[in-house]
Amino acid sequence: MPELPEVETIVRALREGRGDIPSVKGRKIAAAWLFWQRTLQHPSAEEFLAAIPDQVISQVTRRGKLIWFHLTRSHLFLHLRMSGDVRVEPMVWGGDQSPTAQKHDRLVIGFSDGWGMYFNDTRKFGRAWLVNNPDLVIGNLGLEPLSDEFTAGWLYRNLQQSNRQIKTLLLDQTFLAGLGNIYTDEALHLAKIHPNRIASKIDANASRALWHSIREVLKSGIDSHGASIDWVYKGGDFQNKFRVYRRTGLPCPECGSVIQRILVGQRSTHFCPLCQPIL
DNA sequence: CCTGAAACCTGTCTGC
DNA sequence: TGCAGACAGGTTTCAG
């Protein structure tokens, strides 16, 4: 479920509590259990399990699509990738000194108060890092699209410097951090720009429209608590506001034309052939 | 510099 | 009912 609005929704819940997820701020970690080795990207399992006890979560924030836990002595990052999710609930002990886990639980962070934070990830693409230097994880990320640094002028200047297809560029996390397949398609439709357009050929007016659209779509997604699709992630309802994403064959909300699906950079791409001409 | 293919994974849905 | 194939919110790596 992982694009900026979905991750932001989860981060806010982990920070302040919401629905089924209570705040984890201030909780002290007692131990951790790793059920799928490759979920832990860094460091080794031995180092991780030894370093994590007794650290307190002082803050929970987001950078791009990463959940960032600020700990006493280090930083814990979680990337949900395609199917990751986080639960917080009381731990129920199994017979072997480890908490009872649900199907697809890959990592459990156990707190000293008996509660646990469960990282569930069906497809096993998700990753966790424990580092002293945050830049080892987030150092190469591009601008936050909802930050003040991301201005219309910045976008236009940088589009001018790239000969890549606009959709591919927007998905590049070293360019902008947080956009994924849903919000890229939605932003391009709102801005009336064809996903195959070459970035440097987008004029100042269209660039400004894109800048505005990216921010609008992300804010709208956050307001809706993200999008819930298939069996992954629930709680959001932005899927009811999709303009083009996964609406192949259905009418464009703006002009009624039939929404088309193409592949761009190996990703399913949905657009309106009338509203978003190739030019 | 840029694109495309493949890999990493499990599950669901569609069509024959 | 079975089964093959397509497809899924992401990212990395490698070939050309």
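Because the structure is predicted, anything quoted here is derived from the model rather than measured.
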>> Does the protein touch nucleotides 11-16 of chain C at the base, only the backbone, or not at all? Give it as B, S and - per nucleotide, heavy atoms under 4.0 Å.
In response: B-----
> What string of B, S and - do you get for nucleotides 9-16 of chain B, 5' to 3', if B is base contact, S is sugar-phosphate-only contact and - is no contact with any protein heavy atom under 4.0 Å?
Replying inline: BBS-----
Taking [Y]'s backbone N and O only, do any of them form a donor-acceptor pair with [X]'s side chain (distance below 3.5 Å, no angle check)?
| X | Y | value |
| --- | --- | --- |
| Glu8(A) | Ile222(A) | no |
| Ser224(A) | Gly226(A) | no |
| Asp121(A) | Phe125(A) | yes |
| Asp185(A) | His270(A) | yes |

Is [X] touching bases, backbone alone, or none of the nucleic acid, heavy atoms closer than 4.0 Å?
| X | result |
| --- | --- |
| Tyr183(A) | nothing |
| Asn163(A) | sugar-phosphate |
| Asn181(A) | sugar-phosphate |

Whole-Å distance separating the [atom1] atom of [X] from the [atom2] atom of [N]:
| X | N | atom1 | atom2 | result |
| --- | --- | --- | --- | --- |
| Leu176(A) | dG10(C) | CG | P | 14 Å |
| Ile198(A) | dC2(B) | CD1 | C1' | 10 Å |
| Phe242(A) | dA8(C) | CZ | P | 13 Å |
| Leu169(A) | dT3(B) | CG | P | 9 Å |
| Gln37(A) | dC8(B) | CD | P | 18 Å |
| Ile262(A) | dG4(B) | CD1 | P | 11 Å |
| Leu159(A) | dC2(B) | CG | P | 12 Å |
| Ile166(A) | dT3(B) | CD1 | C1' | 16 Å |

> Want to know the stems of DNA chain B: at least 3 consecutive Watson-Crick or G-U pairs with distances under 3.5 Å, which are they?
Replying inline: B:2-8 with C:10-16, B:10-16 with C:2-8
> Is Met91(A) isolated, or which residues cluster with it under the ILVMFWY side-chain rule of less than 4.5 Å, directly or via members?
Replying inline: Trp33(A), Phe35(A), Trp93(A), Val108(A), Tyr118(A)
> Does Ile262(A) sit in a hydrophobic cluster with other residues, and if so which ones, taking ILVMFWY side chains as linked at heavy-atom separations under 4.5 Å, directly or through other members?
Replying inline: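 When side chains under 4.5 Å apart are linked, the cluster holding Ile262(A) also contains Val264(A), Phe271(A).
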>> Between dA6(B) and dG5(C), how many Å separate the two P atoms, rounded to a whole number?
In response: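 After rounding to an integer number of Å, I get 15 Å for this pair.
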> If the C1' atom of dG2(C) is compared with that of dC9(B), how far apart are they to the nearest Å?
Replying inline: 23 Å
Do [X] and [Y] get their side chains close enough for a donor-acceptor pair, meaning under 3.5 Å?
| X | Y | value |
| --- | --- | --- |
| Arg127(A) | Thr39(A) | no |
| Asn140(A) | Thr174(A) | no |
| Ser44(A) | Glu47(A) | yes |

> Is the shortest distance from a Lys or Arg side-chain nitrogen in Glu3(A) or Lys65(A) to a carboxylate oxygen in the other one below 4.0 Å?
Replying inline: no
Considering only distance and modelled atom types, tabulate donor-acceptor pairs under 3.5 Å from the side chains of residues 152-161 of chain A, sequence neighbours left out.
| residue | atom | partner | partner atom | Å |
| --- | --- | --- | --- | --- |
| Arg157(A) | NH1 | Gly153(A) | O | 3.4 |
| Asn158(A) | ND2 | Trp154(A) | O | 2.8 |

>> In terms of relative ring orientation, are Phe238(A) and Phe242(A) parallel, tilted or perpendicular, with 30° and 60° separating the classes?
In response: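 If you compare the ring of Phe238(A) with that of Phe242(A), the planes turn out perpendicular.
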